[in-house]
Amino acid sequence: MMTHNQNDVLLEGRPVSGPEWSHENHGTQFYRFFLEVPRLSGTPDILPVLLPEALLDRADSQESLRIQGQLRSFNNRSGVGNKLVLTVYATDIQLGTGEPCNQILLTGSLCKLPIFRRTPLGRNICDLMLAVPRRYGRADYLPVIAWGQLAVRTSSLGVGDSLSLEGRVQSRAYHKVTDNGTEERIAYEVSMMHLLEDDTPL
């Protein structure tokens with residue numbers, strides 16, 4: 001049975017960088033590194049992972065790592081880069097099993113109206129923004145992309161409607177025109193694979 005406000009990520013891949021200090025919060029040091037997770041298309045996802053100091057020794061490896069955690073978001077107020085920053089917050093890290101994995105289970109509610117469109121090749125796509133509450137009154141705001149029939153089904157949802165899904169966390173390069181010219185940036189989002197049973201009125 002699904003639980004409300006679920007946010008569970010399971011990744012397995014190889015680190016492409018060693019952990020570097022990120023910040024301190026409430027006396028705990030946090031570190032960040034990037035994990036390369038293979039895709040069937042051959043283009044891997046390069047995903048940011050944030051971990052507390054207690055897990056630091058487990059991440060200092062060139063071997064495959066299996067990471068459990070949550071997808072978190074925060075607002076970037078620096079004015080540089082993306083306004084909404086996503087990262088995988090690791091709650092456990094183990095040596096990998098040799099089987100690449102990229103899975104996320106989410107349950108939350110829509111905080112914006114869906115944006116339905118078609119690609120130049122005529123494929124249906126729907127952009128969603130899912131709010132997933134966490135402790136202390138905070139919430140993670142997670143961009144989700146649905147394709148094909150999933151795009152059609154989710155396009156009829158309204159703000160506040162509940163949604164449960166299974167998908168994967170993906171990285172996507174795009175070009176942003178700024179005052180200094182065109183910059184290549186990386187966006188992170190959830191690609192929906194399946195809708196899960198809950199109270200969603202589809």
Side-chain angles (χ1 to χ4, degrees), residues 6-26 28-106 127 129-130 132 134 138-145 165-176 178 180-193:
Q6 183 175 25
N7 184 342
D8 295 315
V9 177
L10 181 61
L11 302 175
E12 180 165 332
R14 290 185 177 274
V16 295
S17 64
E20 296 183 356
W21 185 83
S22 172
H23 65 279
E24 177 181 339
N25 188 26
H26 297 294
T28 299
Q29 307 294 324
F30 291 89
Y31 295 80
R32 192 168 183 258
F33 70 97
F34 287 87
L35 191 75
E36 180 180 275
V37 183
R39 261 198 223 179
L40 291 177
S41 66
T43 302
D45 290 299
I46 309 296
L47 304 175
V49 178
L50 186 71
L51 67 153
E53 187 174 20
L55 295 177
L56 185 60
D57 59 337
R58 301 188 191 183
D60 191 15
S61 170
Q62 297 302 310
E63 301 298 321
S64 179
L65 296 176
R66 197 166 186 85
I67 296 172
Q68 289 181 303
Q70 297 181 333
L71 187 61
R72 298 280 182 88
S73 72
F74 66 93
N75 289 319
N76 178 10
R77 306 185 192 281
S78 70
V80 179
N82 299 332
K83 292 182 179 179
L84 187 68
V85 179
L86 269 64
T87 188
V88 175
Y89 176 70
T91 56
D92 187 50
I93 299 177
Q94 303 290 338
L95 286 178
T97 63
E99 293 292 331
C101 181
N102 185 341
Q103 181 188 60
I104 183 168
L105 300 174
L106 288 177
D127 296 305
M129 184 65 74
L130 196 65
V132 182
R134 51 175 150 123
R138 300 189 61 184
D140 293 298
Y141 297 92
L142 307 176
V144 177
I145 290 185
L165 64 95
E166 177 185 349
R168 63 182 178 84
V169 185
Q170 67 180 18
S171 59
R172 174 175 54 85
Y174 69 99
H175 291 90
K176 173 78 171 180
T178 69
N180 298 320
T182 301
E183 298 178 357
E184 182 173 279
R185 294 183 179 178
I186 304 296
Y188 304 103
E189 59 206 4
V190 174
S191 179
M192 187 189 303
M193 311 297 288

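- Smallest separation of non-hydrogen atoms from Gln29 and Glu24: NE2-OE1, 3.0 Å.
- Judged by distance alone, with hydrogens and angles left aside, the side-chain atoms of Asn102 form a donor-acceptor pair with the main-chain N or O of Val169 at under 3.5 Å.
- Not counting sequence neighbours, the partners of Phe30 by the ring pair (Phe, Tyr, Trp, His ring centres under 6.0 Å) test are His23.
- By the 4.5 Å heavy-atom criterion applied to side chains, Glu63 and Arg14 are counted as neighbours.
- Distance check: Ile104 CD1 to Leu165 CG gives 7.5 Å after rounding to the nearest 0.5 Å.
- Counting heavy atoms from C-beta outward, Asp127 and Pro143 have side chains that stay 4.5 Å or more apart.
- In terms of heavy-atom proximity, Leu51 sits nearest to Arg32 at CD2-N, 4.4 Å.
- The backbone N or O of Phe34 lies less than 3.5 Å from a partner atom in the side chain of Ser17, making a donor-acceptor pair.
- At most 12 non-hydrogen atoms from other residues, nucleotides or ligands lie less than 6.0 angstrom from CD of Glu99.
- Within 6.0 Å of CD in Glu184 there are more than 12 heavy atoms belonging to other residues, nucleotides or ligands.
- Contact detail for Ala90 and Pro52: the closest heavy-atom pair is O-CD, 3.6 Å.
- When side chains are defined from C-beta on, Val132 does not count as touching Leu71, because their heavy atoms never get closer than 4.5 Å.
- Considering all non-hydrogen atoms of both residues, Tyr141 and Ser73 come closest at N-OG, 2.8 Å.
- To the nearest 0.5 Å, atom CD of residue Glu53 and atom OH of residue Tyr31 are 4.5 Å apart.
- In this structure Asp140 satisfies the side-chain hydrogen bond (donor to acceptor under 3.5 Å, both in side chains) test together with Arg134, sequence neighbours excluded.
- Of the listed residues (Arg172, Gln170, Arg39), just one forms a side chain to side chain donor-acceptor pair (under 3.5 Å) with Asp45, and that residue is Arg39.
- Pairs engaging residues 86-97 under the salt bridge (Lys or Arg N to Asp or Glu O under 4.0 Å) rule: Arg58-Asp92 [sequence neighbours left out].
- Here the straight-line distance linking atom CE of Met192 with atom CD1 of Ile145 works out to 10.0 Å at 0.5 Å rounding.
- Shown here for Pro19 and Leu56, the closest heavy-atom pair between the two residues is CB-CD1, 3.6 Å.
- Residues Leu142 and Arg72 come closest through the heavy atom pair CD2-C, 4.4 Å.
- Rounding to the nearest 0.5 Å places CG of Leu95 at 10.5 Å from OG1 of Thr97.
- By the 4.5 Å heavy-atom criterion applied to side chains, Ile186 and Ile46 are not counted as neighbours.
- Ion pair Glu12/Arg66 flagged as a salt bridge, since at least one NZ, NE, NH1 or NH2 atom sits closer than 4.0 Å to an Asp/Glu carboxylate oxygen.
- Distance check: Leu55 CG to Gln94 CD gives 9.0 Å after rounding to the nearest 0.5 Å.
- Pro15 is listed as a side-chain neighbour of Leu35, based on a closest heavy-atom distance under 4.5 Å.
- For the pair Tyr188/Ser171, a side-chain contact is recorded, criterion being any heavy-atom separation below 4.5 Å from C-beta on.
- Side-chain atoms of Leu84 and Met129, non-hydrogen and from C-beta on, do get closer than 4.5 Å to each other.
- Counting heavy atoms from C-beta on, the side chains of Val190 and Leu130 never come closer than 4.5 Å.
- We find the CG-CD distance between Leu65 and Glu36 to be 12.5 Å, quoted to the nearest 0.5 Å.
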